[in-house]
Each structure stands twice: as structure tokens, then as C-alpha cells.
Amino acid sequence: MSARLQECTVAANREVAPGHALVTLESGIGAAAEPGQFVQVSLDGVAGAFLPRPFSFHRAADDQFQLLLRSVGPGTAAIVATRPGERLTVLGPLGRGFELQRAIASGGSLTLVGGGVGVPPLHHVADFVRAGGAGSEVTGAKIDALVGAATAELLLAVDDLRAIDVDVRVSTDDGSAGHHGLVTELLHDELGAAGGADGRGRRPGCVLACGPHPMLRAVAKICRHSDVPCQVAMEEPMACGYGVCLGCAIPAAAAPDRYLLLCKDGPVFDAEQVAW
Amino acid sequence: MSARLQECTVAANREVAPGHALVTLESGIGAAAEPGQFVQVSLDGVAGAFLPRPFSFHRAADDQFQLLLRSVGPGTAAIVATRPGERLTVLGPLGRGFELQRAIASGGSLTLVGGGVGVPPLHHVADFVRAGGAGSEVTGAKIDALVGAATAELLLAVDDLRAIDVDVRVSTDDGSAGHHGLVTELLHDELGAAGGADGRGRRPGCVLACGPHPMLRAVAKICRHSDVPCQVAMEEPMACGYGVCLGCAIPAAAAPDRYLLLCKDGPVFDAEQVAW
Amino acid sequence: MVSGDRSDSLATSVGPLRLRNPVLTASGTFGYGQEMASFFDVAKLGGIVTKTVTMRPRPGNPTPRIAETPAGMLNSIGLQNVGLDGFLRDKLPYLAALDTVVVVSIMASTAEEFGELAGELRVEGVDAIELNLSCPNVSYGDGGQHVMFAHAPELTEAAVAAARAASDRPIVAKLGPDVPDIAALGAAAQRGGADALCVMNTVPGMVIDTAAKRPVLARGSGGLSGPAVRPIGVRLVYQLCAALSLPVVGVGGISTAEDALQYLMAGAHAVQVGTASFVRPTAAHDVLHGLQEYLQDEGSSVEALIGAAQRKGESNG
Amino acid sequence: MVSGDRSDSLATSVGPLRLRNPVLTASGTFGYGQEMASFFDVAKLGGIVTKTVTMRPRPGNPTPRIAETPAGMLNSIGLQNVGLDGFLRDKLPYLAALDTVVVVSIMASTAEEFGELAGELRVEGVDAIELNLSCPNVSYGDGGQHVMFAHAPELTEAAVAAARAASDRPIVAKLGPDVPDIAALGAAAQRGGADALCVMNTVPGMVIDTAAKRPVLARGSGGLSGPAVRPIGVRLVYQLCAALSLPVVGVGGISTAEDALQYLMAGAHAVQVGTASFVRPTAAHDVLHGLQEYLQDEGSSVEALIGAAQRKGESNG
Ligand SMILES: Cc1cc2nc3c(=O)[nH]c(=O)nc-3n(C[C@H](O)[C@H](O)[C@H](O)COP(=O)(O)OP(=O)(O)OC[C@H]3O[C@@H](n4cnc5c(N)ncnc54)[C@H](O)[C@@H]3O)c2cc1C
Ligand SMILES: Cc1cc2nc3c(=O)[nH]c(=O)nc-3n(C[C@H](O)[C@H](O)[C@H](O)COP(=O)(O)OP(=O)(O)OC[C@H]3O[C@@H](n4cnc5c(N)ncnc54)[C@H](O)[C@@H]3O)c2cc1C
Ligand SMILES: Cc1cc2nc3c(=O)[nH]c(=O)nc-3n(C[C@H](O)[C@H](O)[C@H](O)COP(=O)(O)O)c2cc1C
Ligand SMILES: Cc1cc2nc3c(=O)[nH]c(=O)nc-3n(C[C@H](O)[C@H](O)[C@H](O)COP(=O)(O)O)c2cc1C
Ligand code: FES
Ligand code: FES
């Protein structure tokens, strides 16, 4: 399960939304990957992308894995521009993923909450569970997903999720699809506005979330309020990605001056571990 | 005639020898270009190619120009890898080219001496003369070319030169084509081993040379010995390319601590101007 | 004026020097202005700083003088310049006729000579004097002593004081990066009577040609510039502005408006664009244009941005 | 041993410390060795320098601690480490069992404390001590005085002398770049009894987040490392080796064998690979492998290359 450094060939690369690419890489790196884990992609030859760039697995099989990424700067732009046959140097799998056994053991369904390019690790969760990766007894577990984006065309992976029997509700900032507002409002609604009580007769066993920091903070708060276990996949500037530079510190809930390492202790944390 | 900064579209790019590309750029920059002048190609987005890279014109027309270049490092590799439709930022035309009027006015034929990727500016000379760029009365002037390379497959533009009625003799370091040895040996032979006397009844009006520094030094020496005028297109690390950084200094023959600027006073110099 | 209604939002001042916008060019990277006129209207800039002028013409250092480095370059030009007389005769008239601020950079090997040069430059068309106290590419001192003015507070103070005494023009002291405590040098310049500081000159560096087993530059070492060193310059400006009241001009690795904003927010009252002009001759123009757009979008002004990133009340310990 | 017949051509020594090859890892970029073992056989390296150890555990600085820069990065980790006891208990046993040289980096806020730490490290498995006199990311002095040891010759000398007195291990003094005269610091370390110098630590720098109008790093400034600063490190090594007889370990921006050769030819007896490991965890291994190939092709040896680019007899004026 330890990380490998590998030159991977781009098998496919297609635009799935404006500025978003789904990149398929030929590699065995994904074989042992758990949802929530990530890879570091080296972009040595690209000016302005000196450090490797981290991306969650979107889907992982024995001989291929997929990244779903948004072009936001020189590094992501270079990856989005790759063509089949080109090669990328990738290190992975890295970090600690979602504790799916625990999430599922706690009973009930899983609720995935994803904002923007926070969707990939959650898609990996659903894909992994359906494929029996979390144990065949839970392969058919109920999975809900709340997916938010700025506009309808930026909602990611919704069809893919529905195709594997995930119950998806969406929200958009501009109201162009689904709920007009924040994805956390959908969650609030789902867990019951009053907190303990359950708005719609459903109570997820666990909430798994990934997205911008303010979104995760809100998700953590809603879950705590509703007493639902919550795991979050976070982001933080990283250098090495494997625990030696100590750059990716996240303040721990336990003590204000104790730090968790995003790349080693995370990127997935129990929401209660983090000092929000 | 002053230089322009322009984003140019790559119209074509093909490999003409192993590691060598002939790149056609759509641009009006070449319209006023004189043989021996050059362009600076910006490679901003390429790590390891911070400064722009200088290249001679290989061929220049009103709406297109061509570069012939060899991949030797990150900058040239990036240009060689461009595909039609991509864009490159180019500054040009820059510098002072060959003084063709003077070369031709001195009577007799032109002898071009090119080593390796020194061929492009000489090809431009021949192309320019044949097209009447140096004045229609000399369009049919006799032009000889001595072209040297490491191996036969690296001899550049020989067919193109022959196609425009240039008399080409070649040399290779490994003897795989033409004279087995240095191109300067061909020149020595051509100008007559004894110096003043003329080995084959021919005496060029002027020698125009481009290639590695040691080759140019040897050419200058042979020409001086034979009392044949000689113009050389030189290289030197450059930053700006247009005369303000003062980085591209070349010691002048006139005084040991006086410098010529490669990018402004050159890249073509009368061989007598340079302190070899 | 750059154009448009909001152009006064670009206005700034560096001590007594009023600039219509904060974008100047860095000494040694823009010639004497004229060379650049074919690329854009150089008079639109906040100001032009000349290549450093010395009392007598200098031929400069042996060649090679340039080496590329990751995201930067080394130079060891060695202050090749036309000398004071050549400058006054051949270069100044063009500059003086431009409707923008002209800053003449000077360098000397003694404090007295700084004074002499500054005195000679009390002429029409010279709006300010920048003292190059920090060029890494020349030797210092008449007696061959190898100490850089900007390495020693007392030398800095003396050079500034000599120029101050000889000139009524605003005096800008240009410092270098390789000191433990930049504020001590800034304070020395202030004591000498400087109106402003300029930070930073190039960082001494070397590249070795491993095939030839010798330094690439004929002179051995040179000065590192370009984006690679930008974080060093921003830090120095931040430190100076936190410690002193003297206005600072920021320079080092600026090639976009975003880079210029970093310097302004660190506390600089104006910026200079250097090496970027080699990569793109319109760099200074593009930085100015980008700043203008930014200010329009933000509805802000240069003066409001200066020092915006200085964290008040928090110790940097 | 790296493999092959010519592996002795890689051998070098740093004062009394004999290394089977000149490639070490830089403090703070290779953890305590164990973290890297899954990427390659770390015992093949010339040596491993640990993350700096302090007397008591340190939590490190607030976050963000990392910012990318052109061809480099800033860090303000703030010496987060497990402390002396944690190191001896949890980290040293793994290192001690490796068949390679283990250099323990230490840092203290007073000279006496350097002595104490060095004394405590007279234990099995510790082959040498590197004194981190130049970390830009912490405050110095018990009384909150903000002077870095490597900024003042007398502090450097005192820290080295204290460690020297307390330990029989080779003492390497690690210096920083932001001084006008590196040789003065090197000479001070030599007077204190250092066996070798290590140059350089990171260069103080800052990046400003212009959207948030504050420095990216929570602490404000941090240390610049990576290829961007390599020319600065090569120059410092060259200067030190020209001025002093003490062996120097070169560090700063090394990510290929070619980069390591620059340092060796400048005069370094060994090199350390730092930030490059973040880009490619096998970087140190790759540098070593590349050096080995180079030496085979050239039929040369590390010892023959050391200082090859020092130009004898030519003044650097
Ligand atoms: C564990 C992890 C998993 C990730 N998974 C994905 C994914 O599956 N798909 C995807 O599109 N992106 C993902 N990201 C974010 C992705 O790494 C960044 O978008 C990328 O590094 C930006 O690189 P760039 O060179 O294109 O842009 P840059 O120029 O580096 O940055 C552009 C903008 O993005 C911000 N940014 C850069 N890096 C980060 C970061 N690590 N965290 C937060 N903001 C950042 C910058 O501040 C800047 O505003 C992930 C990040 C982490 C830490
Ligand atoms: C006026 C002029 C005209 C030129 N015309 C052509 C041309 O028509 N076709 C062509 O293929 N090349 C030409 N060159 C050379 C070309 O500019 C270099 O090959 C190119 O800059 C190398 O860039 P790089 O990033 O690929 O390699 P780098 O990594 O920059 O360099 C690779 C190798 O080439 C050497 N090198 C780099 N730049 C120069 C230079 N300016 N002079 C000499 N050696 C250098 C380096 O020392 C190194 O060994 C010309 C150079 C000049 C100055
Ligand atoms: C080729 C070159 C020549 C320079 N000449 C001078 C000079 O004559 N006087 C001076 O004060 N600074 C000189 N500098 C330093 C610049 O003015 C500037 O301080 C430095 O390059 C950092 O800014 P930059 O990174 O934007 O280039 C020179 C820099 C370069 C690159
Ligand atoms: C994230 C990080 C942490 C570092 N921690 C230490 C440290 O604990 N002690 C130390 O002496 N140097 C430390 N350094 C400095 C490096 O050892 C090295 O001197 C510097 O980074 C320059 O080398 P490089 O460019 O190869 O990284 C650290 C550098 C980085 C990037
Ligand atoms: S990114 Fe280096 S420790 Fe996490
Ligand atoms: S390259 Fe700048 S002056 Fe010639």
C-alpha cells in the first residue's frame, strides 16, 4: 500500500464541463487506492508549477485510474492540455482516505456532500462501495449525494453517480439547476432543520464531504448539531505529499498549537479532529 | 524596419533531420527581414527557458517566415514540439544582417560557409538573392555553399539550396557524405591552399559564414590569409536581443576592452571587426 | 497620463517626487529610454531610471556576461556606460524632452565622487538621482578596497550625505539584498538625508559550466535577477516599511501587475520593472496597464493599496 | 555501496567525516530517514541529515506554512520537531541501524544550549552534528532578542565553541545566505572549532496574497529554497572555498547530478539535496546515480572534481 513514483501514460482526456477534464492514466497506482486518497502529479517542465500538484482519485482500477480536474492555474492547465500518449509522473496513492468501514458500521446510509471539484473523492467512494471494495455485504448500501456548483454546467459526475444507483440532489449558486443556493442548505434540509429530529424520515449513518474550506466548516457544524458522524476531505498547500516537509499542517481540535498533517493524517479527517 | 512583438500562429512544423524542425510561422515580421537578422522567441511557460531564444530567419516572406532549429535544450525542445495552430510570441526582426550590397559589389561570387545549425541565415541569403531582394541585377549571381555537419543525415537544407541554383559541397565529421573532415578544410581548398593564389580558378567576392565559434575563427583566418572579404554571423548568450542589457558583448578587434553588441551591431560582423 | 477618467487613482509619490503612476523602469534594463521607444510610448510610465552613469565611461566586464538560471538570470555587465559627459551630451536631451520623470542612476567609488556626480547632474531634465550603492559587479574603493557601500551603514550614510549636500534633487538610495538587517542600511541612508530607498539590486550568484569546469560568467560571479528573486525583494520592502518611515521603491522580479501589487501591498510607493523587459520589451507598459485595470475593477487607488499587507500589531517573531 | 567497481571514485570526506559518496540529504527535507525508505534504499546515500532537533518538542508555526514561488518555494515550518527525547527514543534507533553516516541537526537559542544538545548526542549512531545557526523561521535568544547566530561572527563562534567543547563528533556549522561577507562567518565558525561548514540555509522571502492583502504564510516571511536560489548557494560555496581551508558542504537548489557538479566544482566536498525531494522523492538517489554515471563516463573521481572551477591566480575584482 505504500506510494509509488511512476511515469503514467495518458490513455484518454476529455472535457466534461467547461474548463474541467476527466483524465485517464494507465498505471497500477490505483490498484490499492482507497477513496479519499490522492496522487501528486509532477509538472517539472511547466513554468509556475514547481511543486507537484495533488489530485484525488476520481475512479481507480487495477490498471487505470481517473482524475477529474478543473483548470485554475499553470499546473492544472498543463494537465488539462495533455493528449493521449503523453506521459505524466505521478506519485501515489498517498494519504488516508475515508474510513468507510466505520462510516458504514455506524449504520444507515451514506450521504456524500460535494462542492465544485470536491466531487472526485466522493465519486470514488460510491464507485468503490458499489464495486464491493468496502466489503460485499455493503455493496448495495443506500447512498445519497448532494452536489453543488456555481452553475448547472459545472455540476460534476451527476449522471455517473445516478448510473450507479446514487440518489443525487443538486444545488447551484445561480439557480440554473436544482436548489438555488448552497449545497450545505440541502444538507441542513436533509438532516432536519431542527437538528436532532429528522426532516424526511432519513438519517444518514455518516456524512462524507469534500469541497472548499467554508463549505466543510458548515457541513461539520450541521453534522455536529444533528449528531451525525462526519468525515471531511480537506485541502491545504502541500509540498512533498508524503509527510516529511511538515508544510501541510492543519490545527487540531485537541490543542490549538498541535497540528495534523494533511498529507499523512489526512486528507480525510473526522470532522471532530479539526480545529475549525 | 523596427522590431515588432507579435503572437504568431504555427502554420507548419516538420522534422527535417533527426532532432531538427522546420517551423513555419504566420506573421508579417519577416516582411522586412534581411538575411542574418534574427527573432527572439518567448517561451514564458516553459520551465528552464526563462529568457527568449534567438533564431535566424531561414526563409522570410511577407506573411510567413521559417525557422530551422535543432533541439538542444528546453527552449528548442518546446518549439520543436509545437503543433500547427499553436501560438508563439516572437520579437523581430532584430540585429544587423549581412551587407549583401557590399558583398556583391566587391565582385565575384558569394561563398556561403555553414556548420550545423549555422545554415539557416545562409539559406536566407541565397533565397533572398534569388528572389531579387538584393537587387534584381544580382539575382542570378553565382553562389557556392560549403555545408558541414556531424553526419550525412544532419546536413541541412542542401537540396533546398541546390534547387535555387546554389553550388553545394558538403563535409561530414564522420565521412558519411562528401569531404571527410571539417567544412573549413573545404574552404581552405576552395580559396587555394597557398593563400593568394587561387586553387581552382575561382575567387569568391565574399565569404559569408555561420556556425560554431571555432569554425568562424578558422574561416576568418583563412579569408584574411587569402585576402577575401568575410562576414560572419556569430552567437553569444543574449538576454534582451535589442541592445539595452549589454549582455551580448563581443570584444572588438579595434581595442581589447571595447565591445560590440551581438544583438545590435551584429549578429553579422565583418570578420575584421572581431577580436578572435 | 495613461488615459481614462480614473488615471489619478494611479498617482503616487516617492517623497518629494510626484509620479503619475507607480511604474518605473529599473536601472540597466531600459537603456536610456530611447532604445525602447519603438515598443511603446515610454512617456506613459511613472518614470524612467537610466542605466547607471559613472564619471568616466566604462567598457564593462569581459564576456560572457549573461547566464540563464531557473526563473531568472545572472549578469555581470560591470556598469558599461557612456560616462557623465556622454550621458549629458547624447542621452539626456532625449529623456529631458519626455513628459515623464527622469531618474538618473549614478555610481562612484568614493563618497566624494558621488557628491561630484550628483552636483554635475543639477541640470534641466534630471528629476531625481538614484545612488547605486549596491552593484555587485564592480570593485569598490580607490585603494582597491572591496567593500560595497550598501554593505556598511557608515559608507551608505557618507555616500548619501555627499550627494545630498551637492544636489537639490530627490535622492534615492538603492540597496542590495545580501545584508542581515536591511533596516540598518535604510536608517543609515535616512541619516545621510535620502528622500527614498530603492530595494533591491541583484543578488550575488554564480553558475558553473560543468563541461568547461569554470564559471559561466567571465568575471566569475554576477547578479541574480528575475522572478526567482521576487520573494526576496518583497520581503526586504516589507521589512523596510515596517521599520522606517522613508518611502521605498520596490524592484526585483516584477513582470506582471500582480507582482507589482505584491510590492505595493508590502509597502512600496512605486515599483521598477527590470529583467522582465528582456523577456517582453513591453513589460513595464503591460504592468502599468494591468494595474490600471485592477484599480478600475476594485474601485481602489494606488495610495490606498500601499502597505495594505503590513500586519499591524502582530510581531513577526 | 552504490554498486559497480568504480564506487570508490565517489568517496569523499568532510573533514574527519569519511563519506562513501558526496550525496547527503538536507535537514528538514528528508524527515528522519524512515519516511523515505519506501522510495529507495536510503542507506546508499553518503549520509542523512535529520530534521533539526531542539531540546524540547516544538509544535511549529501556524499554517499556511508553504508557498510556491517561481522555481522554488517558501517555508515557515518553524522547526516543528519531536524534541531531543523523542528523537533519541523514536527516531535514532532506525537511523543508527542504517549503514550510512547519520548527521543530527540541532538548534538552540543560546550557545550553552547548543553545547547541552551536542553533549546529549554523544550516543551510538550519531556520526556528526550539524549546527543550524541560520534558520530564518524562529526567534532567537532567551530574552526575545532577534539576532540569528549566523548573522554575527561572535555568536557563530560561541555556538560552535560550545558544541565543540561538549562533543567529540565532527561539528558542521550551517550558515545562511543573507550576509555581506560569508567568509567572515566561516572564519568565525573555524575559530570556534568547526570541522566543516554547510552552506546554505534558505533565503528569507515573502509572497503576498494580493486577493487577501496579506502575506501567504501565516508567519509573514519564510525561507526560499529550490532551483531559484541555486546560483546564490554556488556563489557562497565558491567564496568560502576561495577564502578558507575548512571543507564545505553545499546545499541549495540541487535536483540533478549536474547541479551537484556545480557545487563540487565550486569547491564543496559534499552536497545535500533538499527541496528536490518534495518534487521527486527519489531525488537524492537520482543525483547520486547521475554522479556515478558522470564519473564513469569521464573516468574521474569526486576528489578530483572538488574545486575544479576555482580559478587560481585570477582576482575576482
Ligand atoms: C488532497 C487534494 C486533493 C485535490 N483533488 C483535486 C481534484 O480531484 N480535482 C481538482 O481539480 N483539484 C483538486 N485539488 C486542488 C488542486 O490540487 C489545485 O487546483 C491545483 O494544485 C492547482 O494548481 P495550478 O498550478 O493549476 O494552480 P495554482 O496557480 O497553483 O493555484 C491556482 C489557485 O488555486 C489555489 N490552490 C492551489 N493549490 C491549492 C490547494 N492545494 N488547495 C487549495 N487551493 C489551492 C491557489 O491559491 C490559487 O488561487 C486537490 C487538492 C488537494 C490538496
Ligand atoms: C543570433 C542567433 C541566431 C541563432 N539561430 C539559430 C538557428 O537558426 N537555429 C538554431 O537551431 N539555433 C540558432 N541559434 C542558437 C539557439 O538560440 C540556441 O540553440 C537556443 O537558444 C538553445 O535554447 P535551449 O533552451 O533549447 O537550450 P539551452 O538549454 O539554453 O542550451 C543548450 C545548449 O546550447 C548552448 N546555447 C544556448 N544558447 C546559446 C547561444 N545563444 N549561443 C550558443 N550556444 C548556446 C548552451 O550553452 C547549452 O550547451 C541562434 C543563436 C543566436 C544567438
Ligand atoms: C542586465 C542588467 C543590468 C543592470 N544594470 C544595473 C545598473 O546599471 N544599475 C543598477 O542600479 N542596477 C542595475 N541592474 C539591477 C536592476 O536595476 C534591478 O535592481 C535588478 O535586476 C532586480 O530587478 P529585476 O528582477 O526586475 O530585474 C541591472 C540588472 C540587469 C539584469
Ligand atoms: C520545508 C523545509 C524545511 C526545512 N527545515 C530545515 C531544518 O529543520 N533545519 C535546517 O537546517 N534546514 C532546514 N531547511 C533548509 C534546507 O535544509 C536547505 O538548507 C535549504 O532548503 C536549501 O536547499 P534546497 O534548495 O535543496 O532545499 C528546510 C527547508 C525546507 C524547504
Ligand atoms: S505535504 Fe509535506 S508533510 Fe504534508
Ligand atoms: S542581448 Fe541585450 S544588449 Fe544584446
Side-chain angles (χ1 to χ4, degrees), chain B residues 1-7 32 39-54 72-75 88-94 213 234-252 254-266 274-275, chain C residues 25-40 50-52 57-81 137 207 209 216-218 222 225-228 253 255-256 274-283 285-286:
Chain B
M1 252 231 4
S2 75
R4 275 190 291 160
L5 184 69
Q6 205 177 64
E7 257 205 85
V39 295
Q40 288 266 76
V41 180
S42 290
L43 297 158
D44 252 8
V46 178
F50 171 65
L51 294 171
R53 299 298 195 246
V72 296
L88 289 171
T89 302
V90 178
L91 176 70
L94 295 165
H213 193 85
M234 299 182 69
E235 293 195 5
E236 177 70 23
M238 299 205 295
C240 70
Y242 55 85
V244 299
C245 76
L246 311 181
C248 61
I250 302 242
D257 70 348
R258 271 213 42 236
Y259 295 100
L260 303 162
L261 290 183
L262 184 92
C263 72
K264 212 175 80 173
D265 305 321
V274 176
Chain C
T25 59
S27 177
T29 65
F30 208 73
Y32 303 94
Q34 193 158 12
E35 298 88 336
M36 308 300 293
S38 68
F39 299 118
F40 65 95
T50 68
K51 173 74 187 168
T52 296
R58 291 176 60 107
N61 286 328
T63 187
R65 297 176 174 183
I66 293 276
E68 190 175 86
T69 70
M73 64 177 280
L74 285 184
N75 89 80
S76 67
I77 308 304
L79 296 186
Q80 173 173 349
N81 81 97
N137 294 321
V207 175
D209 177 339
V216 169
L217 301 181
S225 64
S255 62
T256 66
T275 301
S277 291
F278 305 158
V279 175
R280 212 171 59 247
T282 56
H285 169 271
D286 299 346

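Since we're looking at a predicted model, the values are computed, not measured. Throughout, a chain's letter reflects where its sequence line sits, starting with A, and its residues are numbered from 1.
Heavy-atom pairs under 4.5 Å with chain C peak, among B:K264, B:E236, B:R258, at B:E236. Looking only at heavy-atom pairs under 4.5 Å with chain C, the residue among B:A49, B:C248, B:A255 that has the most is B:A49. Interface summary for chain C: among B:S42, B:P52, B:A47, the most heavy-atom pairs under 4.5 angstrom belong to B:P52.
Side chains of C:I66 and B:M238 form no contact here, defined as non-hydrogen atoms less than 4.5 Å apart. The shortest distance between side-chain heavy atoms of B:L246 and B:L261 falls below 4.5 Å. Looking at C:V207 and C:T69, their side chains come closer than 4.5 Å, going by heavy atoms from C-beta outward. Using a 4.5 Å heavy-atom cutoff, the side chains of B:D265 and B:Y259 are not in contact.
The parts of B:L51 that come within reach of chain C are both its backbone and its side chain, each placing non-hydrogen atoms under 4.5 angstrom from that chain. Contacts between B:L5 and chain C at a heavy-atom distance below 4.5 Å involve the side chain alone, from C-beta outward. For C:P70, no part lies near chain B; criterion is any non-hydrogen pair under 4.5 Å. Of the two parts of C:S277, the backbone and the side chain both hold a non-hydrogen atom closer than 4.5 Å to a non-hydrogen atom of chain B.
Remark: C:R280 fails to qualify as a cation-pi partner of C:F39 under the 6.0 Å distance and 45° angle criteria applied to the six-membered ring.
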Would you check, one step at a time, whether the test salt bridge (charged side-chain N to carboxylate O under 4.0 Å, His left out) holds for C:K51 with C:E35?
CA-CA 12 Å; C:K51 173 74 187 168; C:E35 298 88 336; over 6 Å; no
